[in-house]
Amino acid sequence: MLVINSNDVKIYNLSHGKSLPEWLSDKKRRALMKKDLDVRRRIELIQDFDMPAVSDCIQMSPDGQYILVTGVYKPRVRCFEVKNLSMKFERCFDSEVTKFQIISDDYSKVVFLQCDRYVEFHAQFGRYYRLRIPKFGRDLKYHYPSCDLFVVGSGPDIYRINLEQGRFLAPFTTDASELNALDINPLHQLLVVGTKEGKVEAWDPRAKRRAGVLDCALGAVTTETRITSLPAVTSLKFKDSTVMGVGTSTGQILLYDIRSDKPFTVKDHQYGKEIKKLAFHPYQGHDLVASMDSRVLRYWDKDTGKPFCSIEAKADFNDFCLVPDTGMMFLANEDKKMLTYYIPSLGPAPSWCSFLDNLTEELEETNVTSVYDDYKFVTAKDLDELGLSHLNKKACPYLYPSTSRPLNP
């Protein structure tokens with residue numbers, strides 16, 4: 001386990017540490033734990049919580065008992081049961097999964113959108129049915145009141161698959177050339193889709209007509225943002241009946257009250273990479289926004305944009321999942337091991353791993369090693385005394401590792 005201090009917020013990386021191979025005997029495991037400090041300090045929260053090569057998407061079932069992860073290679077889905085902290089089953093596919101959604105309380109009903117235009121429906125026993133859509137899909141959402149599955153992709157149409165009748169319905173045709181993301185408001189059932197042209201189109205599934213268009217590309221341009229191309233909408237997320245988050249391909253997040261065409265908060269990741277996912281997390285009476293691109297996952301205040309904390313990793317991020325009403329999250333990335341983080345400031349540990357609260361309370365009193373603990377800031381006078389005054393001509397400051405021996409000029 002690794003403790004990170006980001007903006008005076010402690011973040012516990014529960015995935016940090018070396019993994020032991022399965023074929024290692026118990027005797028060798030005990031001997032290795034005595035010799036290696038990293039192995040002794042590691043925490044294996046969920047057994048075999050990894051993929052053969054890369055993890056693409058990760059979600060938790062609505063009942064909070066199962067974690068489903070898709071990855072490669074071979075394309076597959078793995079289901080982990082938190083009650084036993086181990087893998088429940090594994091299924092393989094013919095092609096890689098782009099997105100998926102759990103449409104039941106547990107793992108018994110899941111829809112997978114694959115990269116070869118196939119949509120697979122899985123039941124508790126395995127694959128139930130598969131069909132093909134006309135264009136390559138990029139996102140999907142299930143509309144519970146009408147039993148319609150909405151799919152968007154590299155075309156202007158919002159495909160509708162009615163799971164009660166078992167057939168395609170007439171699609172909704174937008175004014176966009178391509179659609180990247182969609183979301184459905186759980187309160188008033190408004191359907192919103194993000195376009196390549198940087199617009200958000202809202203559709204009413206009951207009236208089957210477009211309710212409005214929001215131009216987000218212009219709202220992303222401010223004095224504090226750096227934009228080099230037309231921002232496309234890459235992610236959408238509703239917080240409640242009125243607040244909506246929009247992520248762009250140039251790294252900005254815009255928060256709207258859908259009754260207004262101007263964002264009330266604009267946040268820039270400063271990396272110029274597309275925002276892959278958005279989420280909202282309650283914190284001390286107000287809300288934090290969790291926004292992720294391939295390099296960083298940031299938490300920041302919804303109203304002011306003030307940063308709360310951030311998480312970075314060596315491998316690029318693909319997806320993340322927040323455990324409801326807790327401070328724990330899971331991340332899928334371009335690596336074998338899925339990442340597990342716990343932030344006590346955001347909430348308690350889940351009931352199935354409540355021992356983490358006691359563990360983190362003991363570590364709260366220990367000092368966290370900062371990246372600059374072994375370095376010393378030197379002034380111009382110090383450089384003159386050490387005979388290194390020629391470094392003053394450099395434009396940027398220097399940090400030198402501290403040492404117990406004197407520096408000889």
**OP:** Using side-chain contact (heavy atoms from CB on, under 4.5 Å) as the criterion, list what pairs up with Ala176, not counting sequence neighbours.
**Re:** Thr174, Leu179, Thr195, Glu197
Original post:
Can you list the residues that meet the salt bridge (Lys or Arg N to Asp or Glu O under 4.0 Å) rule with Glu312, with sequence neighbours excluded?
Top reply: none
Original post:
According to the salt bridge (charged side-chain N to carboxylate O under 4.0 Å, His left out) rule, which pairs have a member within residues 252-261, sequence neighbours left out?
Top reply: Asp257-Arg259
Original post:
Taking only residues two or more places apart in sequence, or in another chain, which ones meet His281 in a ring-ring contact (aromatic ring centres under 6.0 Å, His included)?
Top reply: none
Original post:
Can you name the residues that form a ring-ring contact (aromatic ring centres under 6.0 Å, His included) with Tyr283, not counting sequence neighbours?
Top reply: His286, Phe308
Subject >> Close side-chain approach of Lys74 and Val72, heavy atoms under 4.5 Å >> reply: no
Original post:
Tell me, do Tyr159 and Leu149 make a side-chain contact under 4.5 Å, heavy atoms counted?
Top reply: no
Original post:
Got a sec, which residues hit ring-ring contact (aromatic ring centres under 6.0 Å, His included) with Phe320, two or more places apart in sequence or on another chain?
Top reply: none
Subject >> salt bridge (charged side-chain N to carboxylate O under 4.0 Å, His left out) contacts touching residues 286-305 (sequence neighbours left out) >> reply: Lys239-Asp287
Original post:
For Phe93, is the NZ or CZ atom of Arg91 found under 6.0 angstrom from the centre of its six-membered ring and inside 45 degrees of the ring axis?
Top reply: no
Subject >> Pair listing, salt bridge (charged side-chain N to carboxylate O under 4.0 Å, His left out) test, anchored in residues 321-335, at least two apart >> reply: none
**OP:** With sequence neighbours excluded, tell me which residues meet side-chain hydrogen bond (donor to acceptor under 3.5 Å, both in side chains) with Asp183.
**Re:** none
Anything under 3.5 Å between a donor and an acceptor, one on a side chain of residues 124-137, the other on a protein residue two or more places apart or in another chain? List them.
residue, atom, partner, partner atom, Å
Gln124, NE2, Tyr107, OH, 3.2
Arg127, NH1, Glu120, OE2, 3.3
Arg130, NE, Glu120, OE2, 3.4
Arg132, NE, Asp116, O, 3.2
Arg132, NH2, Asp116, O, 3.3

Subject >> Selection residues 160-174 - residue pairs positive for salt bridge (charged side-chain N to carboxylate O under 4.0 Å, His left out), sequence neighbours left out >> reply: Asp148-Arg160
Original post:
Who pairs with Lys306 by salt bridge (Lys or Arg N to Asp or Glu O under 4.0 Å), at least two apart in sequence or on another chain?
Top reply: none
**OP:** Using a strict cut-off of less than 4.0 Å between a Lys/Arg side-chain nitrogen and an Asp/Glu carboxylate oxygen, indicate whether Asp139 and Lys99 qualify as a salt bridge.
**Re:** yes
